[in-house]
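Written below as structure tokens is the structure these notes are about.
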Amino acid sequence: MPKPDSLQGSLDLLVLKILSRRPRLHGYAIMSAIQTTSEEVLRVEEGSLYPALHRMEEVGWIRAEWITKDNGRRARLYELTAAGKKQLASEESRWLAVTAAVNRVLRTV
């Protein structure tokens, strides 16, 4: 059984996809969405997610905004940019090509 937190280069794709479906999420909500949507198979750790979010913000794929919630706590909300939507399409295309290739190998070997 693969390690559930071993995403093998797919973290950007997963985060971008989650944000395309549900904009303005904070980091914990992104982690939870990945875990819930994958039916508990995939798990993202904070030590992987937050550096990835920072990197994606730096390259312009996502933007972040600090808000103050009703309980007085601050939260950083993330949303996809136009460049992020283009990157998502590219990442999805690459992922589909890779998984198709792996499936071909699994069927023939």
Side-chain angles (χ1 to χ4, degrees):
M1 184 85 173
K3 295 187 331 189
D5 57 354
S6 176
L7 300 178
Q8 300 295 324
S10 61
L11 182 56
D12 288 2
L13 171 61
L14 297 174
V15 170
L16 293 172
K17 190 63 174 186
I18 292 295
L19 289 175
S20 77
R21 291 179 176 154
R22 296 191 247 167
R24 298 184 52 80
L25 291 178
H26 54 81
Y28 183 79
I30 294 169
M31 288 188 302
S32 296
I34 291 170
Q35 188 168 342
T36 302
T37 305
S38 72
E39 297 179 355
E40 312 297 319
V41 173
L42 302 176
R43 183 177 53 242
V44 179
E45 302 297 330
E46 288 181 36
S48 298
L49 179 65
Y50 289 103
L53 288 170
H54 181 71
R55 180 180 43 73
M56 286 188 273
E57 185 179 8
E58 281 185 342
V59 297
W61 298 344
I62 62 174
R63 76 174 127 264
E65 172 189 3
W66 283 104
I67 63 156
T68 302
K69 295 167 42 173
D70 292 338
N71 62 7
R73 296 182 67 184
R74 293 183 71 208
R76 191 164 170 103
L77 300 182
Y78 298 92
E79 63 184 335
L80 214 50
T81 64
K85 289 176 186 175
K86 287 174 88 172
Q87 184 62 28
L88 172 58
S90 174
E91 294 274 338
E92 279 186 294
S93 177
R94 182 190 61 80
W95 181 259
L96 292 172
V98 167
T99 56
V102 168
N103 283 329
R104 282 192 299 275
V105 170
L106 290 175
R107 284 192 307 264
T108 60
V109 173

Measuring from atom [atom1] of [X] to atom [atom2] of [Y], what distance do you get when rounded to the nearest 0.5 angstrom?
X   : Y   : atom1 : atom2 : answer
L80 : M56 : CG    : CE    : 9.5 Å
L13 : E92 : CG    : CD    : 6.0 Å
L25 : I30 : CG    : CD1   : 5.5 Å
L19 : K17 : CG    : NZ    : 11.5 Å
E45 : M31 : CD    : CE    : 8.0 Å

Exactly one candidate in H26, E57, E65 meets side-chain hydrogen bond (donor to acceptor under 3.5 Å, both in side chains) with R76; the answer is E57

Where is the tightest heavy-atom contact between [X] and [Y], given as atom of each residue plus distance?
X   : Y   : result
A83 : G60 : CB-O, 3.6 Å
E46 : P51 : O-CD, 3.8 Å
R74 : T68 : CG-OG1, 4.0 Å
A52 : L11 : CB-CD2, 3.7 Å

Distance-only, no hydrogens or angles: does the [X] side chain make a donor-acceptor pair with backbone N or O of [Y] under 3.5 Å?
X   : Y   : answer
S38 : Q35 : yes
T37 : I34 : no
T81 : W61 : yes
S32 : A29 : no

E58 with R55: basic N within carboxylate O range, under 4.0 Å: no

Evaluate whether atom CG of N71 has more than 12 neighbouring non-hydrogen atoms of other residues, nucleotides or ligands under 6.0 angstrom away. yes

Are Y78 and I67 in one and the same hydrophobic cluster, where Ile, Leu, Val, Met, Phe, Trp and Tyr link if side-chain heavy atoms are under 4.5 Å apart? no

Give a yes or no on whether I62 and L77 share a hydrophobic cluster (residues Ile, Leu, Val, Met, Phe, Trp, Tyr; joining criterion: side-chain heavy atoms under 4.5 Å apart). no

